[in-house]
**Student:** 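Below you will find the structure I want to go over with you.
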Amino acid sequence: MLKELHCFTRVAGRLSFSAAAADLGMSQPAMSQAITRLERAAGLRLFERTAREVRLTAEGKALLPYAEQVLESARAFTAEAARLARPTIHLAYPPLVGTLAARIVRRLASRSPSIGVELRVAGRAAAAQALAAGEVSAAILSTPAPAQFVTAARFHVTVDHVAVPAGHRLASSPRVAADELNGHVLLTPGTRAWPGLPGRSRLVPDDDFAAALDLVAAGAGLLPIPQLLARTIRRDDVRFVPLEAGDLRITYALAWSRERVTPELMALVQAVQDALWTR
């Protein structure tokens, strides 16, 4: 029946049996037979045919949207079945490295055979917990990663700005030196204080920079932040000022459980390494 419905929608779109047959790589008699079978099954005439033109009947016009819906559902079924049948990697990652995660997905989708990737945005603690429970195949974690995981493909994100409240005295500065942070509370998304920076550290649960910026706006502290976020986040209540703090950076790595190594996981490791080299 799907073949007949496909023929019906194509003839309805072209209003020509010969043109529709050519589109589908069929002979005109085969096209006519398919429409006849559909009309008999429906008990209705779908087209008015003369020597010079083809027109949809009123019944044909009424049934056309339903035919198109059935064909779209069939296409969706086929696509979803193909997606479910292919190997899939589940990857947890922090929002900060979302562009890298997207490159990884594209690389694995373009290889042959392709590998699907299901992404899960998660902070460090949530990602590590999901990885330990087997809910994800791998996770991008800030280092050092928990000792039970294998890590590879390390990379660094430079921290070269500081987020301050819009009304703060540093908000209008062209740049901030590290010693100017002395006496301030420095928010730290993660598990460790910022190395080499003066000031009092306040740990923010997990590595959630978005939540930390809410604290900045509330006056709870200042937040060293990568330029990558400073360029993409726009808030009226926060200012991003260049920070001169030497080699300040966050190190990330791809982590996985040594008990759950698969060929797809190894392909993921290679895709991450390739994405880092070609960015």
**Student:** On a heavy-atom basis, which atom in P242 and which in H161 lie closest, and how many Å separate them?
**Tutor:** N-CD2, 3.7 Å

**Student:** Are L5 and M26 joined in one hydrophobic group, where the rule is that I, L, V, M, F, W and Y side chains link up if heavy atoms are under 4.5 Å apart?
**Tutor:** yes

**Student:** In Å and rounded to the nearest 0.5 Å, what is the CD to CG distance from Q273 to L268?
**Tutor:** 10.0 Å

**Student:** Say whether, by atom type as modelled, one donor and one acceptor occur between the side chain of H168 and the main chain of L170 under 3.5 angstrom.
**Tutor:**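 It does hold such a pair.
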
**Student:** Indicate yes or no: at least one non-hydrogen side-chain atom of D274 is less than 4.5 angstrom from one of R107.
**Tutor:** yes

**Student:** Which value, rounded to the nearest 0.5 Å, describes the distance between I115 atom CD1 and T88 atom OG1?
**Tutor:** 9.0 Å

**Student:** Indicate, with yes or no, if I89 and F149 share a hydrophobic cluster defined by side-chain heavy-atom contacts under 4.5 Å among Ile, Leu, Val, Met, Phe, Trp and Tyr.
**Tutor:** no

**Student:** Taking side chain as C-beta onward, heavy atoms only, is P195 less than 4.5 Å from L248?
**Tutor:**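 SC-SC contact between P195 and L248 confirmed.
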
**Student:** A41 and M1: which non-hydrogen atoms are nearest, and at how many Å?
**Tutor:** CB-CE, 4.1 Å

**Student:** Ignoring hydrogens and angles, tell me if any N or O in the side chain of Q270 forms a donor-acceptor pair with the backbone of A267 under 3.5 Å.
**Tutor:** no

**Student:** Give a yes or no on whether R55 atom CZ has more than 12 heavy-atom contacts from other residues, nucleotides or ligands under 6.0 Å away.
**Tutor:**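 For R55, atom CZ is not crowded (no more than 12 foreign heavy atoms under 6.0 Å).
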
**Student:** Would you please test L243 and R175 for side-chain contact (heavy atoms from CB on, under 4.5 Å) and show each step?
**Tutor:** CA-CA 6 Å; L243 173 64; R175 64 190 68 255; over 6 Å; no

**Student:** Please report the interatomic distance NE2(H184) to CG(L197), rounded to the nearest 0.5 Å.
**Tutor:** 12.5 Å

**Student:** Would V269 and L254 count as a side-chain contact (heavy atoms from CB on, under 4.5 Å) if you check the C-alpha gap in whole Å, the side-chain angles of each, and the deciding distance to 0.1 Å?
**Tutor:** CA-CA 7 Å; V269 175; L254 182 68; 3.8 Å; yes

**Student:** Take E118 and R120 through the salt bridge (Lys or Arg N to Asp or Glu O under 4.0 Å) test and state the conclusion after the steps.
**Tutor:** CA-CA 7 Å; E118 296 288 341; R120 178 190 295 192; over 6 Å; no

**Student:** Any side-chain to backbone donor/acceptor pair from R52 onto R49? Under 3.5 Å, distance only.
**Tutor:**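 Side chain of R52 to backbone of R49: no pair is present.
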
**Student:** Compare every heavy atom of T232 with every heavy atom of L228, then report the nearest pair and how far apart it is.
**Tutor:**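 Of all heavy-atom pairs spanning L228 and T232, the closest is O-OG1, 3.2 Å.
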
**Student:** Measure across P165 and A171 and return the closest heavy-atom pair with its distance rounded to 0.1 Å.
**Tutor:**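 Between these two residues, the closest heavy atoms are O-CB, 3.7 Å.
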
**Student:** With rounding to the nearest 0.5 angstrom, report the CG to CG distance, L203 to L186.
**Tutor:** 11.0 Å

**Student:** Begin from the C-alpha positions of F240 and I233 and carry the test side-chain contact (heavy atoms from CB on, under 4.5 Å) through to its verdict.
**Tutor:** CA-CA 9 Å; F240 301 107; I233 295 177; 4.1 Å; yes

**Student:** A side-chain contact here means heavy atoms from C-beta on lying under 4.5 Å apart; do V238 and V164 qualify?
**Tutor:**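 Of all side-chain heavy-atom pairs linking V164 with V238, none is under 4.5 Å.
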
**Student:** Quick one about S137 and H90 (side-chain donor to acceptor, distance below 3.5 Å, no hydrogens or angles considered), yes or no?
**Tutor:** no

**Student:** Sequence neighbours left out, what pairs pass side chain to side chain donor-acceptor pair (under 3.5 Å) with at least one residue falling in residues 59-69?
**Tutor:**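 For residues 59-69: T57-E59.
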
**Student:** Establish whether V121 and L119 are linked, either directly or via other cluster members, by ILVMFWY side-chain heavy-atom contacts under 4.5 Å.
**Tutor:**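 Looking at the clustering, L119 is in the same group as V121.
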
**Student:** Looking only at non-hydrogen atoms, find the nearest pair between A163 and I225 and report the distance.
**Tutor:** N-CG2, 4.3 Å

**Student:** After noting the C-alpha distance and the side-chain angles of L265 and R260, does the key distance pass the side-chain contact (heavy atoms from CB on, under 4.5 Å) rule?
**Tutor:** CA-CA 9 Å; L265 176 62; R260 301 189 185 96; 5.8 Å; no

**Student:** Counting N and O atoms only, with roles assigned by atom type, does the side chain of R154 sit under 3.5 Å from a partner on the main chain of T151, one being a donor and the other an acceptor?
**Tutor:** no

**Student:** Tell me whether the centres of the aromatic rings in F8 and F47 are closer together than 6.0 Å.
**Tutor:** yes

**Student:** What residue among L187, L181, I250 forms side-chain contact (heavy atoms from CB on, under 4.5 Å) with W194?
**Tutor:** I250

**Student:** Just jot down the salt bridge (Lys or Arg N to Asp or Glu O under 4.0 Å) partners of R235, sequence neighbours excluded, or say none.
**Tutor:**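 Partners of R235 under the salt bridge (Lys or Arg N to Asp or Glu O under 4.0 Å) test: D214, D237.
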
**Student:** Check whether any side-chain heavy atom of V162 sits under 4.5 Å from a side-chain heavy atom of L223, and report yes or no.
**Tutor:** no

**Student:** Checking side-chain polar atoms at under 3.5 Å, does R124 have a donor or acceptor matched by the opposite partner on S142?
**Tutor:** yes

**Student:** Checking side-chain contact (heavy atoms from CB on, under 4.5 Å) against L91, which of V272, I140, V136 comes through?
**Tutor:**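 Going through the options one by one, the only one that passes is I140.
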
**Student:** Tell me which donor-acceptor pairs under 3.5 Å the side chains of residues 30-38 have, and how far apart each pair is, sequence neighbours excluded?
**Tutor:**
from: S32; atom 1: OG; to: Q28; atom 2: O; distance (Å): 3.2
from: T36; atom 1: OG1; to: S32; atom 2: O; distance (Å): 2.9
from: R37; atom 1: NE; to: E4; atom 2: OE2; distance (Å): 2.9
from: R37; atom 1: NH2; to: E4; atom 2: OE2; distance (Å): 3.0

**Student:** Group every Ile, Leu, Val, Met, Phe, Trp and Tyr by side-chain heavy-atom contacts under 4.5 Å, then state whether V105 and L100 land in the same group.
**Tutor:** yes

**Student:** Could you check whether atom CD of Q129 has more than 12 heavy atoms from other residues, nucleotides or ligands sitting under 6.0 Å from it?
**Tutor:** no

**Student:** Please report the shortest heavy-atom distance between D160 and P226, naming the atom on each side.
**Tutor:**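 That closest heavy-atom pairing would be OD1-C, 3.9 Å.
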
**Student:** In Å and rounded to the nearest 0.5 Å, what is the NZ to CG distance from K3 to L24?
**Tutor:**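 It is 9.5 Å, given to the nearest 0.5 Å.
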
**Student:** From L141 CG over to L131 CG, what is the distance, rounded to the nearest 0.5 angstrom?
**Tutor:**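 If we round to the nearest 0.5 Å, L141:CG and L131:CG are 6.5 Å apart.
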
